[in-house]
Structure formats: structure tokens, C-alpha cells
Amino acid sequence: MAVTIYYEEDCNPQIIQDKKIAVIGYGSQGHAHALNLKDSGCDVRVGLREGSASWAKAEEAGLKVMPIEDAAEEADLIMVLVPDELQPKVYEEQIAPHLHAGDTLAFAHGFNIHYGYITPPEDVDVIMCAPKGPGHIVRRQYTEGSGVPDLVCVAQDASGTAWDTALSYAWGVGGARSGIIKATFKEETEEDLFGEQAVLCGGLVELVKAGFETLVEAGYPPELAYFECYHEMKMIVDLMYESGIHFMNYSISNTAEYGEYYAGPKVINEQSRQAMREILARIQDGSFAEEFVADCNNGHAWLIEQREAINDHEIEKTGAKIREMFTWVK
Ligand code: NAD
Ligand code: MG
Ligand code: MG
């Protein structure tokens with residue numbers, strides 16, 4: 001193994017249980033970190049904007065909720081879980097004035113530290129605990145007794161104990177139950193952006209959409225195209241996830257397996273690989289970050305236009321209709 005993996009026996013729960021933790025934001029990751037840490041016996045407070053829609057939700061879940069400034073002031077570990085594009089402003093105005101020497105500033109993604117949009121003072125530890133899964137799965141698996149693997153990273157070790165804190169934090173959110181992978185902020189940031197752009201979100205949605213459109217254009221019913229190119233995707237991915245590509249291949253027919261080897265490299269070809277290299281290069285040289293931040297500063301104009309286009313696509317309308325008809329999906 002080229003990477004170091006830590007498990008429960010490598011983590012000291014006492015470290016995180018002895019800290020006052022502020023989780024800033026109560027969205028996808030925020031609710032999962034706050035609730036898992038609380039259930040792991042930690043002293044958690046959630047920091048939110050006054051008037052935030054999440055305030056009542058967090059309180060109903062049994063959490064202490066307070067304004068961001070108060071949470072940051074009280075805490076000695078501050079986990080920043082507001083959207084990446086809002087973090088620099090929230091940090092500057094509501095967190096930085098309450099950071100004290102010896103505090104720990106924590107993130108679940110390296111974007112703002114790695115690209116320099118946030119520069120913490122030298123006397124605080126800067127760590128990351130990035131669950132490799134969506135927040136709702138981080139919470140669900142924890143309640144089921146398992147956990148989503150975490151990447152842990154240290155950008156600044158002022159105390160000399162930042163790694164121990166990071167591992168203990170990851171234990172608290174349940175990551176040690178499956179494995180905690182040691183990485184750097186650069187690795188986490190660049191790989192995470194690449195994965196979501198080229199494969200997991202960008203690549204996947206475009207692949208499914210292109211397959212659906214090809215069948216529909218050729219005159220096949222959209223409902224059948226949906227089942228083939230979209231609905232069955234999860235079953236194939238589940239087999240790969242649980243037991244490997246070889247097991248998925250074992251489970252499908254020889255006809256399907258032959259087709260896989262024959263057609264796959266024609267669809268994901270040298271041109272697609274070249275596009276992936278260019279996407280990675282734009283992540284590495286910071287041009288993707290600049291472009292994303294510029295759109296955020298422009299009210300997310302491009303993002304919203306794209307979101308509306310996919311929401312309006314025939315594949316989404318077909319899917320909604322089918323999920324309505326086939327109740328097992330719920
Ligand atoms: P989110 O959009 O789900 O939630 C953000 C929360 O921040 C909101 O629910 C709200 O409580 C708060 N918020 C929103 N606007 C605010 C404002 N103007 N001021 C103060 N607070 C505000 O965010 P998320 O997807 O959980 O992302 C949080 C961090 O976790 C990011 O760094 C992201 O890259 C990282 N991350 C997310 C996931 C994921 O599953 N979504 C996975 C790994 C890492
Ligand atoms: Mg990401
Ligand atoms: Mg088939």
C-alpha cells in the first residue's frame with residue numbers, strides 16, 4: 001500500500017472528547033459531523049447565522065445551537081462546513097476574530113486552504129477530516145454501526161499534536177470504523193475535484209444522458225432508455241463496489257461482458273482521456289478554482305443555468321414518472 005491507513009486502535013478518542021467543538025453550518029456534512037461527534041461523546045455546538053432555516057432542525061436533533069461568532073469563541077476546535085465559496089467571508093468576519101493560539105481550524109475539503117483563499121494565523125493547527133461520501137451517508141452509516149472512510153490531512157501543525165487531533169476527530173465522526181487515510185491538502189483537493197468532475201458527477205451524468213439521448217433519438221421509448229442507461233446503473237455499480245469488476249462481470253452475461261470490452265474503449269477513448277488530463281491540469285494550476293469563484297461572485301449565473309437545463313431534461317422527467325410508478329425505488 002502506498003498510503004497509510006489508520007483504524008480505531010490508532011486513534012485516541014480522549015483528545016476529541018476533551019475538546020469544545022464548533023461545527024459551523026448544518027448542511028450535508030454539518031449535520032453528519034455534529035450528530036456523529038455528539039453520539040461519540042463529544043461536546044458539540046453548532047454555529048449558524050441568526051435566522052438560519054437549519055437552527056430549529058439542529059435544536060430538534062438535540063444539539064446546542066448559537067451564532068457562528070459565539071460558537072467559534074467558545075470552541076477550541078472549529079470545523080468549517082459552510083459551502084466552499086462562502087467560507088472565506090464567514091472565516092474572515094465570524095471565525096478569525098475568535099481564533100486563539102492553540103485552537104484547531106478544521107475543514108472537510110481543502111479548497112480554500114490549498115488555493116490560498118483562507119490563510120489562518122501561524123499559531124493554530126489546520127487540519128482536514130474529509131469523509132469520502134455524501135453527508136447523509138456519513139450519518140446513516142454511523143447510526144448503522146459502520147462508517148464512511150475519511151481522508152485526514154494536516155496543513156499546519158503549530159501544537160505538534162495536529163495529527164493526533166485529526167485522527168481523533170475522524171474517530172468521532174465514525175471514519176475509524178472503516179479506515180482513515182492519510183493525505184495532504186493538495187492531494188485531497190485536487191483528487192476530490194478531479195473525481196467529481198471527470199468521473200463521479202460530471203462523467204457519470206454525461207454518460208447516462210448521452211446513452212439515453214442516443215436511444216431516444218433512434219426512436220426507442222424514453223422509459224426503456226431510462227431503465228437501460230440510468231436505473232440499472234446502480235445495480236452494476238453495487239456489484240463493482242461490493243465485490244470488484246470481476247464479480248460484476250461474472251454476474252452479467254457473456255454477451256454483456258463481450259460488449260463491455262468491445263464498446264467501453266470506443267466510448268471512453270483517447271479523446272476522453274485527453275479531456276481528463278486537461279481537466280486535471282486546470283485543477284492543478286488553479287484555473288478551475290478561479291473560474292468557479294468568479295461564477296460564485298456573479299451570483300452562480302452559469303451554475304444555475306446548467307442546473308435548470310438538467311432539471312428540464314427529458315431524462316429527469318422520465319425518471320420522475322417512473323419512480324412514481326415503481327414504488328420499490330422509494
Ligand atoms: P451544504 O451546502 O450542504 O451546507 C452548508 C450549510 O452552511 C447550510 O446548511 C447552512 O447551515 C450553512 N450556510 C449556508 N449559507 C450560509 C451563510 N451565508 N453563512 C453561514 N452559513 C451558511 O454544504 P456541504 O455540501 O455540507 O459542504 C460543506 C463542506 O464539506 C465543503 O467544504 C464541502 O466541500 C465539504 N464536503 C462536502 C461533502 C458532501 O457530502 N456534500 C463531502 C465531502 C466534503
Ligand atoms: Mg468535493
Ligand atoms: Mg442487458
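Just so you know, residue 1 is the first one in the sequence shown, and it goes up from there. Order of appearance sets the numbers: ligands from 1, and atoms from 1 within every ligand.
With Asn36 contributing its side chain and Gly174 its backbone, the two residues share no donor-acceptor pair below 3.5 Å. Of the possible donor and acceptor atoms, none in the side chain of Asp157 sits under 3.5 Å from a partner among the backbone N and O of Trp163. Although no hydrogens or angles enter the test, the distance criterion places no donor-acceptor pair under 3.5 Å between the side chain of Thr104 and the main chain of Leu77. The backbone N or O of Cys42 sits nowhere less than 3.5 Å from a side-chain atom of Ser40 that would complete a donor-acceptor pair. A donor-acceptor distance shorter than 3.5 angstrom exists from the side chain of Ser272 to the backbone of Asn269, with no hydrogens or angles considered. With Arg139 contributing its side chain and Ala32 its backbone, the two residues share no donor-acceptor pair below 3.5 Å. Within the 3.5 Å criterion, the main-chain N or O of Ser168 finds no donor-acceptor partner in the side chain of Asn12. Of the possible donor and acceptor atoms, one in the side chain of Lys317 sits under 3.5 Å from a partner among the backbone N and O of Asp312.
Note on ring orientation: taking the six-membered ring where Trp is involved, the planes of Tyr169 and His33 are tilted (angle from 30° to 60°). Ring planes of Phe111 and Phe292: perpendicular class, angle over 60° (limits at 30 and 60°).
The N/O atoms of Gly27, backbone and side chain alike, include one that comes under 3.5 Å of an N/O atom in ligand 1. Below 3.5 Å of separation, one finds an N or O of Gln87 facing an N or O of ligand 1. Between Ser52 and ligand 1, a contact under 3.5 Å exists for no N or O pair.
No donor-acceptor contact under 3.5 angstrom links the side chains of Glu188 and His114, judged on distance only.
Heavy atoms of Gly133 come nearer than 4.0 angstrom to ligand 1 in at least one pair.
Of all protein heavy atoms, the one lying nearest to atom 39 (C) of ligand 1 is Gln29 NE2, 3.4 Å. The protein heavy-atom contact nearest to atom 44 (C) of ligand 1 is Ala108 O, 3.4 Å. Residue, atom and distance of the protein heavy atom nearest to atom 21 (N) of ligand 1 are Val82 CG1, 3.3 Å. Ranking the protein heavy atoms by distance from atom 22 (C) of ligand 1 puts Arg49 NE, 3.5 Å first. Atom 28 (C) of ligand 1 has its closest protein heavy atom at Leu81 O, 3.5 Å. The single protein non-hydrogen atom nearest to atom 5 (C) of ligand 1 is Pro83 CD, 3.3 Å, given as residue, atom name and distance. At the shortest separation from atom 11 (O) of ligand 1 among protein heavy atoms lies Tyr26 N, 2.9 Å.
No other N/O/S atom of Glu196 lies as close to the Mg ion (ligand 2) as OE1 does. For Asp192, the N, O or S atom with the smallest separation from the Mg ion (ligand 2) is OD2.
Short contacts between ligand 1 and Leu48, defined as distances under 4.0 Å to a heavy atom of the residue, involve ligand atoms 11 (O). Ligand-side atoms of ligand 1 in range of Pro131: 43 (C), range being under 4.0 angstrom from any heavy atom.
Contact detail for Val152 and Ala166: the closest heavy-atom pair is CG1-O, 3.8 Å.
In this comparison of Gly135, Ser28, Ala130, the heavy atom closest to atom 24 (P) of ligand 1 sits on Ser28. If you check each of Asp84, Ile68, Val80 against atom 32 (O) of ligand 1, the one with the closest non-hydrogen atom is Asp84.
Using a 4.0 Å cut-off between heavy atoms, Leu86 contacts ligand 1 through its side chain alone, with no backbone atom that close. Under 4.0 Å from ligand 1, the heavy atoms of Ser54 that appear belong solely to its side chain.
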